[in-house]
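Reviewing the structure listed below.
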Amino acid sequence: MTDPIVEKLRQYPSPTPSKWREEAQWRIDNKKWLRFSQMIAMRVLDRMEELNLSQRKVAEMLGCSQQYVCKLLKGNENLSLETICKLDESLSLGILPKL
């Protein structure tokens with residue numbers, strides 16, 4: 001005999017298939033750069049708080065949109081070297097070695 005809750009759920013299937021397995025595999029496959037991106041996002045958030053900066057102000061400093069800064073702060077963005085350099089220079093994050 002099956003669980004009545006399971007039976008009830010089967011009556012209302014989602015119109016679109018779930019992609020959780022593919023998304024989980026993607027996170028596993030991209031773990032290294034995701035960790036680095038998350039570390040940068042945390043440093044940016046901490047620095048923004050220290051300097052009392054808004055996303056809009058950071059976007060102006062970087063020459064990008066506020067929406068891009070929002071994506072960057074989620075820690076899932078594959079950052080270019082150019083973006084990392086701009087962040088490091090604009091916010092004095094200390095991520096990159098002094099050249």
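The first residue of the sequence shown is numbered 1, and numbering continues consecutively from there.
- Within 6.0 Å of the CD atom in Glu60, the count of heavy atoms belonging to other residues, nucleotides or ligands exceeds 12.
- Transitive grouping of hydrophobic side chains (ILVMFWY, heavy atoms separated by less than 4.5 Å) brings Tyr68 and Leu93 into a common cluster.
- Under the 4.5 Å side-chain heavy-atom criterion for Ile, Leu, Val, Met, Phe, Trp and Tyr, Trp33 and Leu87 are members of distinct hydrophobic clusters.
- Heavy-atom neighbours of Leu9 CG from other residues, nucleotides or ligands within 6.0 Å: above the threshold of 12.
- For the atom pair CD1 (Ile95) and CD1 (Ile40), the distance works out to 4.5 Å, reported to the nearest 0.5 Å.
- Salt-bridge annotation for Lys86 and Glu82: present, with a side-chain N of the basic residue lying under 4.0 Å from a carboxylate O of the acidic one.
- Here the NZ atom belonging to Lys57 is positioned 12.0 Å from the CG atom belonging to Asn52, to the nearest 0.5 angstrom.
- Rounding to the nearest 0.5 Å gives a distance of 11.5 Å between CG of Leu62 and CD of Gln55.
- Linking ILVMFWY side-chain heavy atoms closer than 4.5 Å, directly or via other members, places Val69 and Met61 in a single hydrophobic cluster.
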Evaluate the criterion side chain to side chain contact (heavy atoms under 4.5 Å, CB included) for residue pair Arg27 and Glu23; output intermediate values, then yes/no.
CA-CA 6 Å; Arg27 284 191 303 277; Glu23 290 169 2; 3.8 Å; yes

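- Annotation: the span from Trp20 atom CH2 to Gln25 atom CD amounts to 10.5 Å, rounded to 0.5 Å.
- To the nearest 0.5 Å, atom CD of residue Gln38 and atom CZ of residue Arg35 are 6.5 Å apart.
- Heavy atoms only, all atoms of each residue included: Ser37 and Glu77 are closest at OG-O, 2.8 Å.
- For Glu49, the CD atom is loosely surrounded, since the number of other residues' heavy atoms within 6.0 Å does not exceed 12.
- Leu34 and Leu45 sit in two unconnected hydrophobic clusters of ILVMFWY residues. Membership requires side-chain heavy atoms under 4.5 Å apart, directly or through other members.
- Side-chain contact between Leu53 and Leu91 is present, with at least one heavy-atom pair separated by less than 4.5 Å.
- Both Leu96 and Met42 belong to a common hydrophobic cluster when Ile, Leu, Val, Met, Phe, Trp and Tyr are linked at side-chain heavy-atom distances under 4.5 angstrom.
- Between the CG atom in Asp29 and the CD atom in Glu22 there is a gap of 11.5 Å [rounded to 0.5 Å].
- A 6.0 Å sphere centred on CG of Asn78 holds more than 12 heavy atoms belonging to other residues, nucleotides or ligands.
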